[in-house]
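Taking it in order: structure first as structure tokens, then the write-up.
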Amino acid sequence: MLLPYNMLWQWGLTVRINFKCLLGSALLTLSHGALAQMNIFACEPEYAALAKELAPDARIYSATTAMQDPHQVQARPSLIAKMRQADLVICAGAELEVGWLPMLQMKAANAQVRSTDNGLFFATEHVKTLDQMSNVDRSMGDVHSLGNPHVHFSPQRMLIIAQALTDKLMQLDEKQSTGYQQRLSHFTARWQLATSKWQAKARSLQGMKVIAYHSSFRYLFDFANIEQVADLEPKPGLPPTSSHLASLLKRASQGDIAAIVIASYQNQRGANWLAEKSNLPVVVLPLSVGGNKQSNDLFSLYDNTLDLLTQAYSAQQ
Amino acid sequence: MKNFQLLPAGLSAKLPIKLSAALVISGFFPLLSQAQTPTLSNLTVSAVLDGYYQSEDRLMTERAKGFGIGETELAFSASIDDMFFGKLTTVFESHNGESEVNVEEAFIQTMALPNGFTVRAGRFLSDVGYLNNQHLHTDSFTSRPSAYRAFLGGHYFDDGLRFSYIAPTDLYWTMGVEAFSGDSLRAADEHGEREFDSTGVYTAFTKMGGDISIESSWQLGVSYLRNENGQLTPDEHEEEHEGVHEEEHEDVHEDEHSHGASYTGKHTFITDFVYKWAPNGNYKYQHLTLSAEYFRVSDFIVPELDDMHAEAVDHDEGDNSKDYHQAWYVSGVYQFSPNWSAGLRYGKLDSQLQHEAHFEQQTLKETELSVAWHNSHFSTVRVEFSHQSDVGFENANNDNVITLQYVMAMGAHSAHQF
């Protein structure tokens with residue numbers, strides 16, 4: 001087939017121009033992607049939610065859900081692959097992830113997220129944890145000398161963590177510092193407003209007594225002045241035994257307890273048995289964002305958790 | 001290390017050796033409590049106690065009949081600086097009343113190479129197959145599948161070098177190459193005359209994996225191991241004719257205690273697959289692990305012997321042996337509750353045993369049922385029933401074996417692999 005010379009020339013020109021356009025746009029997307037999208041790996045959903053508040057443009061991945069025990073996570077291939085690509089890893093710390101985070105760090109071969117000097121952030125390093133112990137012994141169960149790591153139910157502590165996390169984001173992504181600062185001040189205003197609302201709700205819960213599973217809600221109870229009179233676990237980390245449940249039933253018969261509180265990931269069997277025998281309600285609280293339908297972000301998580309407790313307490317009264 | 005200076009030097013020098021050994025051991029306990037935070041930057045000290053009772057001997061296992069201690073290990077690991085990580089694992093074992101101390105791991109690993117590259121050097125567990133890079137105390141059965149016992153000496157650790165790379169993709173994809181001295185995988189050399197290559201083993205492996213849903217995850221691996229010293233030579237049994245049987249058996253028996261492989265060859269191919277499931281992806285209460293591996297070892301005789309073998313086959317039509325060894329297993333382990341788990345495993349080994357220039361086919365089939373009680377994350381007591389049926393193995397007429405075992409971990413919480 002013969003084509004007129006000028007047609008060939010034209011065709012060649014258009015192709016060349018198109019190619020240039022394509023190459024240019026490809027380079028642009030590449031460099032744009034490298035600059036704008038930070039990869040954030042959160043160990044728990046509460047920190048993924050916090051990252052979403054402070055860095056909404058980032059690509060955020062949560063290693064666990066509110067239906068999973070954060071102590072026992074498999075260092076599975078997908079998590080290694082995500083950590084390999086991460087610019088920032090946000091975890092609770094205080095040994096909560098001790099059974100799986102070091103393995104992920106080892107296998108992911110990503111030097112960026114190995115040290116808190118760079119892209120590793122431990123929330124509990126920035127606040128004072130409760131129940132720190134100077135002398136920890138395995139016979140005491142699964143306790144941590146660095147204190148209770150489930151700090152995300154403390155509004156004051158979460159605000160301090162948000163500030164520290166913003167510092168970390170600005171350190172890693174200097175160019176967008178003003179953006180991060182703006183988002184922090186926006187978040188702070190909303191958080192402080194919500195906190196005063198939560199404090200009002202918490203005041204009505206003062207003096208409530210509960211039996212709970214593990215120390216998952218230690219900070220929530222501390223915030224609302226709720227007393228956890230007993231634990232479904234005989235020792236931290238150990239599942240309820242029948243003899244221990246029998247002793248709890250004896251305790252419940254004193255009549256001052258409002259509810260049995262468990263977290264969304266925890267097995268309900270022991271709690272249900274105790275509830276049936278003692279006529280107490282079981283309240284399943286979301287451990288974190290995504291723990292039930294109502295808890296979609298940190299704000300609704302607090303709202304919903306306090307509402308569920310208020311319902312149980314007013315039913316008792 | 002001020003923990004070790006519990007007594008003035010002059011005083012401790014006068015003490016009997018036993019007492020100073022006890023002091024060294026007690027010196028570990030403050031260390032253990034110091035090492036509570038096994039982030040990669042702190043010194044991590046952990047010890048694993050493993051003891052057992054086994055009703056009968058099993059083929060190619062390191063555990064002998066009766067009471068014994070299994071892999072009792074003491075491990076130290078820490079970041080050396082911002083560039084290197086190091087680990088030392090010593091293993092105490094006893095065989096026939098004799099105690100052995102072996103160094104199972106003594107390696108350094110790079111921590112800060114860019115682009116997903118890692119280099120490991122020293123003595124370490126090879127990354128071929130699924131189980132090999134895992135420590136024995138994390139297993140759900142009292143001994144490794146016959147594939148590992150026959151071809152890798154239980155678990156293959158050696159002195160060498162590894163380069164590995166992990167791709168920056170959402171699909172987990174890692175690959176690596178290793179070179180090892182390969183001493184424990186050398187073919188039998190009863191006269192000690194053979195010249196072995198000092199770097200005998202080269203491996204290449206790749207693993208892929210991901211999540212199917214929030215509840216389940218998988219990993220697939222393919223590995224190749226090239227063993228320059230793995231082929232059998234023809235001159236081994238020149239002088240022996242009548243005594244071949246006993247000789248052979250003794251060889252295998254000796255190998256058990258030197259952690260060497262019972263069957264070697266030039267090429268080993270391994271394929272492995274693992275699938276894990278937990279309701280809601282929550283591993284605390286229930287979870288299931290299914291795994292399977294296939295091993296094929298080929299070119300296990302040198303070409304000259306191969307020719308002799310071919311002639312022998314011509315003369316003797318009853319020879320039904322193959323020119324490769326193979327083994328596979330499938331295993332399923334289910335944790336019912338935080339306190340109880342049970343596992344079922346079936347494995348089959350097809351191997352060829354050398355008798356001068358011809359080979360006889362052997363088959364070993366093993367079925368294992370294990371039930372374990374976990375008082376906590378750190379303590380396991382296990383009972384295992386295993387049934388083995390074999391063809392062509394000497395001295396293995398015990399079909400059923402019961403094993404009782406405990407595995408307990410002290411010190412730092414070790415992170416487990418997938």
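Sequence lines set the chain letters: A, B, ... in the order given, protein chains first and strands last, and positions in each chain run from 1.
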Inset, instruction - To the nearest 0.5 Å, tell me how far Asn133(B) CG sits from Lys107(A) NZ. - result: 5.0 Å
Legend entry - Which of Ser217(B), Pro279(B), Ser337(B) touches chain A most, by non-hydrogen pairs under 4.5 Å: Ser217(B)
Inset, instruction - Mind listing the closest non-hydrogen atom pair of Thr118(B) and Ala109(A) along with its distance? - result: OG1-CB, 3.3 Å
Legend entry - Asn280(B) backbone acceptor or donor facing Gln68(A) side chain under 3.5 Å: yes
Legend entry - Contact winner vs chain B - Ala111(A), Gly93(A), Ser115(A), heavy-atom pairs under 4.5 Å: Ala111(A)
Inset, instruction - Give a yes or no on whether Phe163(B) atom CZ has more than 12 heavy-atom contacts from other residues, nucleotides or ligands under 6.0 Å away. - result: no
Legend entry - Interface moiety of Ala108(A) toward chain B, non-hydrogen atoms closer than 4.5 Å: backbone
Inset, instruction - Determine yes or no for a side-chain-to-main-chain donor-acceptor pair under 3.5 angstrom, with Asn282(B) supplying the side chain and Tyr265(A) the backbone. - result: yes
Inset, instruction - Counting only heavy atoms closer than 4.5 Å, note whether Arg84(A) contacts chain B via side chain, backbone, both or neither. - result: side chain
Inset, instruction - Side chain from CB out, backbone as N, CA, C, O: work out which of these in Asn110(A) comes under 4.5 Å of a heavy atom of chain B, or both, or neither. - result: neither
Legend entry - chain B contacts, top residue of Met103(A), His71(A), Gln85(A) (heavy-atom pairs, under 4.5 Å): Gln85(A)
Inset, instruction - Might you point out which heavy atoms bring Ala81(A) and Asp170(B) nearest each other, and give the distance in Å? - result: CB-O, 3.5 Å
Inset, instruction - Could you tell me which portion of Asn375(B) (side chain, backbone, both or neither) has an atom closer than 4.5 angstrom to a non-hydrogen atom of chain A? - result: backbone
Legend entry - Which atoms of Trp173(B) approach chain A - backbone, side chain, both or neither, heavy atom under 4.5 Å: neither
Legend entry - Check: Arg76(A) and Lys276(B) side chains under 4.5 Å, non-hydrogen atoms: no
Legend entry - Interface moiety of His374(B) toward chain A, non-hydrogen atoms closer than 4.5 Å: neither
Legend entry - Ala75(A) versus His416(B), closest heavy-atom pair with distance: CB-O, 3.7 Å
Legend entry - Gap between atom OG of Ser79(B) and atom CD of Gln105(A) - 0.5 Å precision: 9.0 Å
Inset, instruction - Under 4.5 Å heavy-atom distance to chain A, tell me which part of Ala278(B) shows up: side chain, backbone, both or neither. - result: neither
Inset, instruction - Could you tell me the separation between the NZ atom of Lys207(B) and the CD1 atom of Ile80(A), rounded to the nearest 0.5 Å? - result: 10.0 Å
Legend entry - Segment of Leu171(B) engaging chain A (4.5 angstrom heavy-atom cut-off): backbone
Legend entry - For the student: nearest non-hydrogen atoms of Ser376(B) and Leu238(A), plus distance: CB-CD2, 3.7 Å
Inset, instruction - Rounded to the nearest 0.5 Å, what's the gap from CD on Gln74(A) to CD on Gln417(B)? Could you check? - result: 11.0 Å
Inset, instruction - Measure the shortest side-chain to side-chain distance between Gln266(A) and Tyr285(B) over non-hydrogen atoms and say whether it is less than 4.5 angstrom. - result: yes
Inset, instruction - Find the one option among Asn115(B), Thr174(B), Val274(B) whose heavy-atom pairs under 4.5 Å with chain A are most numerous. - result: Asn115(B)
Inset, instruction - Among the options His377(B), Met208(B), His287(B), pick out the one with the most heavy-atom pairs lying under 4.5 Å from chain A. - result: His377(B)
Inset, instruction - Heavy atoms only: give me the nearest Pro77(A)-Gly210(B) pair and the separation to one decimal. - result: CB-N, 3.8 Å
